Amino acid sequence: MNDYAHIGRSVLRREGRAKLTGAALFTDDLKIEGLLHGTTVRSRVPRGRIMGIHFEEGFPWEEFIIVTAQDIPGKNVVAHLIQEQPCLADGVINHAEEPILLLAHPDPERVQDARERVRVDVEPLPPVLSIEDSLRCDPVIWGEDNIFKTILITKGDPERARAKGHLQLEATYYTGAQEHVYIEPNAIIGEATPDGVLVRGSMQCPYYVHHALHELFQLPLDKVRAAQVETGGAFGGKEDYPSMLACHAALLSWKAGGRPVKIVYDREEDMACTTKRHPSRTRIRSAFAADGTLLSLDVEFLLDGGAYMTLSPVVLSRGALHASGPYRCPDLRIHARALATNTPPHGAFRGFGAPQSLFAIERHMDEAAHRLGLDPAELRRKNLLRTGDAMATGQIMRDEVDLIALMDRALAEIRYAEKRASYPVLNAGDEPVKRGVGFSVFMHGGGFTGSGETMLHSVAALEGTADGQVRVLAASTEMGQGANTVFTQVAAEALQAPLDLIVVATPDTGVVPNSGPTVASRTTQVVGKLIQDAALAMRKTLLDAGYLQDGDVAAAIRAYVAQHGTLRTESQYQKPDFVQWDDTTYRGDAYATYAWACYAADLRIDLVTYETQVADFVTVQEVGRVLNPTLAAGQIEGGVAQGIGWGLNEEVIWRQGSMANHQMSNYLIATAVDLPRIRVFFEERPYAYGPGGAKGIGELPMDGPAPALLNAVQHALQITPRQVPMTPEVLMDLVEGA
Amino acid sequence: MTTQKILLKLTVNGEARQALVHPMSRLLDVIREDFCLTGTKEGCGEGECGACSVILDGSLVNACLVPAIQAQGSTMRTVEGLAGVDLSPLQQAFLHHGGAQCGFCTPGMLVAGTYLLETDAVQDEDRAREGLSGNLCRCTGYVKIVDALLAAREGRP
């Protein structure tokens, strides 16, 4: 039963028609007069000192715009959490893709040719290329101890509780880097003069770019503008990196007297140089009672942050806060550290640290079940959080969700009990193809961690126009996830207006207020709520002024604007009253709410080729109210596809701190034949503080696939895989080494 | 480039078009730069992703791998040629099923899907998946793209 006019319905994607006809214009599609093409000269060594820059003699360098660190008018920094990452290397090199010099020319081929004619002489220094080397401080490359950030979460006395365990288990889990492979590579156009800087391009977070440009040029905030252009996928990969491109394009334009400069990375450059998911190492020491009750957890969670801090502290935080999984555990310790290495900085990628730590705990639970002689489902049944339980930070679980029922539904859909019993019998035969079934249970916190949302002070606004339309003004970007459409539904619902009345404005910092970055599964849950509140306020304004008697919203807006000149309502984030968080002790409500899920996988593993095929994949999730079933399912299916890739195939191969396989032909993302028909089921329990009852959804589906798949590998082959990606090569080593 | 330019003439989406180009220019660049048909995208430049799929004389090709001279005198269809007054049935199905998310692979997907439908290569889901396996999508997990293709084949929305 749906009491809503627009919410809960599969409203068609607002910009869908433009995307289907080729009319949608992405950054590289824009026609711009007088355009210069920019490119980047980079380091080729992971760590060293720049001794000199040489330009090939006899080459017409006077045709080119050339920018080095010395040309930067303000601070040589790409500002994020702290100001540390240089925009252009100045003397010191900290990773193998570090930008050193920029070139621009009207002819894109000429500028690529010129790039090869610049030689940077570097005196190499010994690099740190792994978590282990970084821990050993061999050598120290950042601060005093290579540690960007440490987080400690403690509850009770895990050592004492551990001593009482019937089973004491210790294991270490590893996850690899992952490349986003949005199909549109990074692309930015910059125009910069002392009168003002404008950057347009493919980006998630216009106000992050705005902040970076402000610091780089040291211009007043109102002289700097960042505007999003249609963005061809992002997944976190266009959260912080576009600030780098924006700074580069704007600097070239500045030096060129304001001529527009476009930088479009080709696929190889994009894969090699931009951020990737943080590699991780997680050691878990646990203790269980004989009946399977979890008594103690001690988790050491380590992330490889790369050469600069960038977003690593917040990625670490989310990883740490999800490290104990959806389980009750009275005595625990989570010790998390993000470490410096001489690789390009790792950054945001859908899930943001949670997939790494959840992979470890969800594999660990299956290993524990095996050792205890219990079915993994039985072990979880004993330990899953229930409403009213205390989580790792002492947060009381308020969500009215029955995780056991959620799990049982997924297990029934995949016919878990039957396959759990029958596959070992089948596998005992001579057939080279072995079968396994496995699952994971997990959660994902919606919105910024802890006090993050309060500190953001996000604002969204609605504006009535003279012709009776409503413009939604928010900095939150459409990147494929459906923000345009969901914002339209939420605004129309609250205004009691038809969908066609609503227009979502282009996120342009010169036009829209700062509704925060488009990250952290916060766009629907947090910004959507601001839009709902602003729309309710607009409706009230119209009603109070006596313009809505006959219910015609468009006519009321026209009349109001004709009378009063403007009609604008705003809403600013207010945290739900119950949310209490202490950043110093890591105690309290880490997230206002969580989405909850159980994912189950049925695998076929060919022991001749070691190829793994996902035969069936079931997802059951509780995400509050589903605002748009088609878009929501699309988010889950796409996230699962990325999760399966991370679990099985997507391997970043590092060579001297650089991604060696930086091509689509040797870094393999799934094609349509590599994936099953991913099955999506929603449990809907409206969340009181979300628009129409919605919670965040975007990152959740990244968290569950990898552990579910590897749990199925354990079932199929009776081995204990502890790393992703579980490529055929890794699997062969495990099986044949066993 | 020192080679002489050639006058490339071909039929694009039913219209006679010509451009003065280097013979070894990529067809993709001619489409985007000379014909200003920017619906055809570059995702990888090495024939892996299919974002630059076009139909050239009845064959589905990656325009990033085709030298311009090879298109001399040919008939080509790009995403801009798929809709008439209304969206094509496949475009309608993509809209209805949610086959487009970020939209960057979508033109190539639609061109490939159109080719598959016209060559009757979508008998069932497995064949549809096989047929689309030269086109990479990072947003959808392919479920809704496959659903759209199957729906269009059966003439339903």
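Values in this document were obtained by computation on a predicted structure and should not be read as measured data. Chain naming here is simple, since letters A, B, ... match the order of the sequence lines and numbering starts at 1 in each. The basis for the numbers below is simple: all heavy atoms, side chains too, and nothing from hydrogens, waters or symmetry mates.
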Quick one: which of B:L132, B:L87, B:T78 has the most heavy-atom pairs under 4.5 Å with chain A, could you say? B:L87
Who wins among B:C102, B:C44, B:S133 for the most heavy-atom pairs under 4.5 Å with chain A? B:C102
Return the minimal non-hydrogen interatomic distance between A:S665 and B:E48, and the atom names on each side. CB-OE2, 3.4 Å
Minimal heavy-atom distance between A:L25 and B:T38, with the atoms involved, is CD2-OG1, 3.7 Å
So, the side chain of A:E637 versus the backbone of B:G141: is there a donor-acceptor pair under 3.5 Å, distance only? no
When only pairs under 4.5 Å are counted, which of B:T40, B:D147, B:L90, B:V146 shares the most heavy-atom pairs with chain A? B:D147
May I ask you to decide whether B:R138 forms a salt bridge with A:E650, counting only side-chain N to carboxylate O separations under 4.0 Å? yes
Under 4.5 Å heavy-atom distance to chain B, tell me which part of A:M479 shows up: side chain, backbone, both or neither. backbone
What one should report as the nearest heavy-atom pair of A:A672 and B:R129 is O-NH1, 2.8 Å
Work out which heavy atom in B:L95 is nearest to a heavy atom in A:R13; give both atom names and the distance. CD1-O, 4.3 Å
Return the minimal non-hydrogen interatomic distance between B:Y142 and A:L675, and the atom names on each side. CD1-CD1, 3.7 Å
CD (A:E611) with more than 12 external heavy atoms under 6.0 Å: no
First locate atom NZ of A:K19, then atom CD of B:Q101, and finally report the distance between them rounded to the nearest 0.5 Å. 8.5 Å
Under 4.5 Å to a heavy atom of chain A? For B:Q92 that would be neither
Within-4.5 Å side-chain heavy-atom neighbours: B:R32 and A:D28: yes
One option among B:A51, B:C36, B:S88, B:G103 has the most heavy-atom pairs under 4.5 Å with chain A, and it is B:G103
Salt bridge present between B:E46 and A:R267 (N-O < 4.0 angstrom): no
Worked check of side-chain contact (heavy atoms from CB on, under 4.5 Å) between A:M664 and B:L136: CA-CA 10 Å; A:M664 280 181 164; B:L136 296 174; 4.0 Å; yes
For B:L82, is it the side chain, the backbone, both or neither that has a heavy atom under 4.5 Å from a heavy atom of chain A? neither
Taking every non-hydrogen atom, the tightest pair across A:T630 and B:K144: O-CE, 3.3 Å
What part of A:Q635 gets closer than 4.5 Å to chain B, counting heavy atoms only: side chain, backbone, both or neither? both
Measuring only between side-chain heavy atoms, which start at C-beta, is A:I183 closer than 4.5 Å to B:K41? no
